[in-house]
Amino acid sequence: MLTNYTNLNAIAVRQKDSDPASVLSHTGDLLTAGGFANHHYTTAILDSFRSHGAYFVIAPGITLPHARPEQGARRTGISILTLTRPVEFGNAANGPANLLIGLAATSSDNHIELLQELVVKLSERWRYTAIIEATTKASVLHLLK
């Protein structure tokens, strides 16, 4: 269950961040607030974006920013950041995003297991829409059940 991989400290809803660096920093900071990573992990996410581009835009409107486990992951978990306006990351195939799911994993096994669960949940388009429209952290947490 995805709720085992996050907490209210790692969720922010309807934020007004407007540029890639700001939303990626916010996503990483939520991972830190949730106890899943340290502040170096946020820097690694930003460095990875600068070096490799928007590889983390995984579907229309959805991103999965992450870094390598040794770059500051403390335990496996996710942060959720929803935006009032989508941000363009430069991924032509999947366009701008308004749902950022930060991922911290301590091993590749945890990473794969968590990704599988995310894909199942977010393949239901109604759930994506409900998460984006949620006005409280508790609502987002409930939608991840």
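Since this is a predicted model, take the numbers as computed values, not measurements.
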Spatial distance of atom CD (E124) from atom OG1 (T129) [nearest 0.5 Å]: 11.5 Å

Shortest non-hydrogen separation from K145 to T3 and the atoms involved: CG-CG2, 3.7 Å

For E88 against G90, the heavy-atom pair lying closest together: OE2-N, 3.0 Å

Shared hydrophobic cluster for L103 and L99 (ILVMFWY, side-chain gaps under 4.5 Å): yes

Least distance between heavy atoms, P96 atom then P86 atom: CB-CB, 3.6 Å

Close side-chain approach of I80 to L30, heavy-atom, < 4.5 Å: no

Verdict with supporting geometry, N98 and Y128, side chain to side chain donor-acceptor pair (under 3.5 Å): CA-CA 10 Å; N98 55 356; Y128 161 79; 2.6 Å; yes

Heavy-atom donor-acceptor pair, S25 side chain to S22 backbone, under 3.5 Å: no

Expected output: side-chain H66 to main-chain L64 donor-acceptor under 3.5 Å: yes

V87 vs L100 side-chain heavy atoms within contact, under 4.5 Å: no

Minimum side-chain heavy-atom gap L144-K121 below 4.5 Å: no

Same apolar cluster (I L V M F W Y, side chains within < 4.5 Å links), I78/I131: yes

Reported CG-to-OG distance for the pair D29 and S79, which is rounded to 0.5 angstrom: 9.5 Å

Side chain proximity check, M1 to E117, heavy atoms < 4.5 angstrom: yes

Least distance between heavy atoms, T63 atom then A97 atom: CG2-CB, 3.4 Å

Pair F56 and F89, ring centroids less than 6.0 Å apart: yes

hydrophobic_cluster_shared for Y5 and L8, side chain cutoff 4.5 Å: yes

R74 side chain reached by Y41 side chain, heavy atoms, under 4.5 Å: no

S139/T136 under side chain to side chain donor-acceptor pair (under 3.5 Å): CA gap, chis, key distance, verdict: CA-CA 5 Å; S139 297; T136 67; 2.7 Å; yes

Considering all heavy atoms, the nearest I11-L141 contact: CD1-CD1, 4.0 Å

Residue pair T84 / Q15, side-chain heavy-atom distance below 4.5 Å: no

L118 and I101, any side-chain heavy atoms less than 4.5 Å apart: yes

From NZ (K137) to CG (N7), nearest 0.5 Å: 9.0 Å

Spacing of R68 atom CZ and S48 atom OG [to the nearest 0.5 Å]: 10.0 Å

Cluster overlap I62 with V13, hydrophobic side-chain contacts below 4.5 Å: yes

Heavy-atom pair of closest approach, residues A12 and H26: CB-NE2, 3.9 Å

Side chain to side chain contact (heavy atoms under 4.5 Å, CB included) evaluation trace for L31 with T42: CA-CA 8 Å; L31 285 169; T42 299; over 6 Å; no

Between OG1 on residue T106 and NE2 on residue H111, distance to nearest 0.5 Å: 11.5 Å

Spacing of E113 atom CD and S107 atom OG [to the nearest 0.5 Å]: 9.0 Å

R75 atom CZ: more than 12 heavy-atom contacts under 6.0 Å: yes

Common cluster, V57/L83, ILVMFWY with side-chain heavy-atom separation under 4.5 Å: yes

